[in-house]
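As the structure is a prediction and not an experimental result, all values here were calculated from the model.
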Amino acid sequence: MSGLSVEDVRYAYGAKTALDGVSFRVPPGRFCALLGPNGAGKSTLFALLTGLLRPQAGRIAVAGQDMGRSPREALARMGVVFQTQTLDPDLTVAQNLRYFAALQGVPHGIAGLRAESALDRLRMAERAGEKVRALNGGHRRRTEIARALLHDPDVLLLDEPTVGLDAAARAAITDHVHALAAEGLTVLWATHLADEVRPDDALVILHRGRVLRDGRAGDVTGGAPLADTFLALTEPEPA
Ligand code: ADP
């Protein structure tokens with residue numbers, strides 16, 4: 001199927017198991033929150049999804065392309081926003097996008113149009129000429145999301161994209177990415193913050209390398225606040 005599929009994926013760093021048979025699917029055009037406390041295995045899963053690490057068992061498919069058999073095709077269907085910021089602060093927003101488009105092999109003739117359209121989708125068009133150094137954290141993140149859309153991916157992965165942002169910027173980014181999913185993009189949004197998840201989102205709760213819950217967020221909580229459900233599921237046992 002298209003969208004994103006993770007099937008019985010395992011990964012251990014030596015004796016330390018980080019992912020212990022993780023399976024879930026995100027249908028096309030769905031916003032899926034991958035919610036887990038620190039150490040749950042979210043970053044390891046992202047490293048596997050983006051081909052930085054290889055699963056020791058299981059399989060991953062992106063927009064129907066198998067990461068093991070056709071990594072190039074799978075990666076071409078995927079846009080990624082990593083936790084660490086990777087924009088050049090001395091270039092403008094538009095220059096950063098053009099530079100990345102060239103790296104991605106987006107043909108020069110369409111790179112400009114793609115950049116304009118991506119900035120438009122993130123409501124960043126009027127800042128195209130500003131240097132990244134002059135932007136606030138929220139606008140930098142939006143630039144990075146726009147950059148991840150330049151090659152027209154089907155699936156967008158974001159690893160804790162709101163870390164370090166204030167409440168208003170956090171809400172704006174969460175809104176923008178929900179809008180992208182409503183337009184048809186498949187989204188996997190990793191977070192440890194329950195308040196970023198909406199009742200209609202798909203939700204996967206990951207804890208100690210295992211999926212504890214998988215379903216529509218409102219159904220997983222049965223109407224209770226997600227923060228309470230999440231804490232009850234993942235609270236360390238008293239010593
Ligand atoms: P999260 O991103 O949800 O915080 P991680 O994927 O970073 O989780 O970590 C999952 C588990 O794997 C944790 O127990 C962590 O300590 C362990 N881990 C992560 N990276 C390494 C590594 N390079 N070597 C050994 N253990 C690691």
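Inter-residue side-chain proximity for D154 and S2 is flagged as unmet; no heavy-atom pair is nearer than 4.5 Å. Between D8 and V22 there is no side-chain heavy-atom pair separated by less than 4.5 Å. When side chains are defined from C-beta on, H207 counts as touching P37, because their heavy atoms get closer than 4.5 Å. Side-chain atoms of F46 and T44, non-hydrogen and from C-beta on, never get closer than 4.5 Å to each other. Side-chain contact check for R25 versus L4: every heavy-atom pair is 4.5 Å or farther apart.
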| said: Assess the residue pair L35 and L193 against the criterion (side-chain contact (heavy atoms from CB on, under 4.5 Å)); give the C-alpha distance rounded to whole Å, side-chain angles, the decisive distance to 0.1 Å, and a yes or no. | reply: CA-CA 7 Å; L35 179 65; L193 301 166; 5.7 Å; no

| message | Could you walk me through whether L91 and R98 satisfy the side-chain contact (heavy atoms from CB on, under 4.5 Å) test, starting with their C-alpha distance in whole Å, then the side-chain angles of each, then the deciding distance to 0.1 Å, before giving a yes or no? | response | CA-CA 10 Å; L91 297 182; R98 276 204 295 275; over 6 Å; no

| message | I'd like to know whether V211 forms a side-chain contact (heavy atoms from CB on, under 4.5 Å) with I205, so could you lay out the CA-CA distance, the side-chain angles of the two residues, the decisive distance to 0.1 Å, and finally the verdict. | response | CA-CA 6 Å; V211 173; I205 298 183; over 6 Å; no

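For the atom pair D228 CG and T221 OG1, the distance stands at 9.5 Å (nearest 0.5 Å). Annotation: the span from E144 atom CD to T84 atom OG1 amounts to 8.0 Å, rounded to 0.5 Å. One finds the CG atom of N96 at 10.0 Å from the CZ atom of R140 (value rounded to the nearest 0.5 Å). In this structure, CG on D175 lies 11.0 Å from CZ on R123, to the nearest 0.5 angstrom. Atom-to-atom distance recorded for E130:CD and T92:OG1 is 9.5 Å, nearest 0.5 angstrom. Separation of atoms CD (E183) and CG (L149) is listed at 9.0 Å; rounding is to 0.5 Å.
In this structure, R216 pairs ionically with D200, as a charged nitrogen and a carboxylate oxygen lie closer than 4.0 Å. With respect to the salt-bridge test (charged N to carboxylate O, under 4.0 angstrom), the residues R133 and D90 qualify. Salt-bridge check for D195 with R170: passed, with a basic side-chain N closer than 4.0 Å to an acidic carboxylate O. A salt bridge does not link R213 to D219: none of the charged side-chain nitrogens sits closer than 4.0 Å to a carboxylate oxygen.
R210 CZ: 12 or fewer foreign heavy atoms inside a 6.0 Å radius.
A distance-only check finds no donor-acceptor pair linking the side chain of E116 to the backbone of A125 [under 3.5 Å].
The aromatic rings of W189 and F31 lie tilted to each other, with the angle between the two planes from 30° to 60°.
Under the 3.5 Å distance criterion, with hydrogens and angles disregarded, a donor-acceptor pair is assigned to the side chains of T86 and R147.
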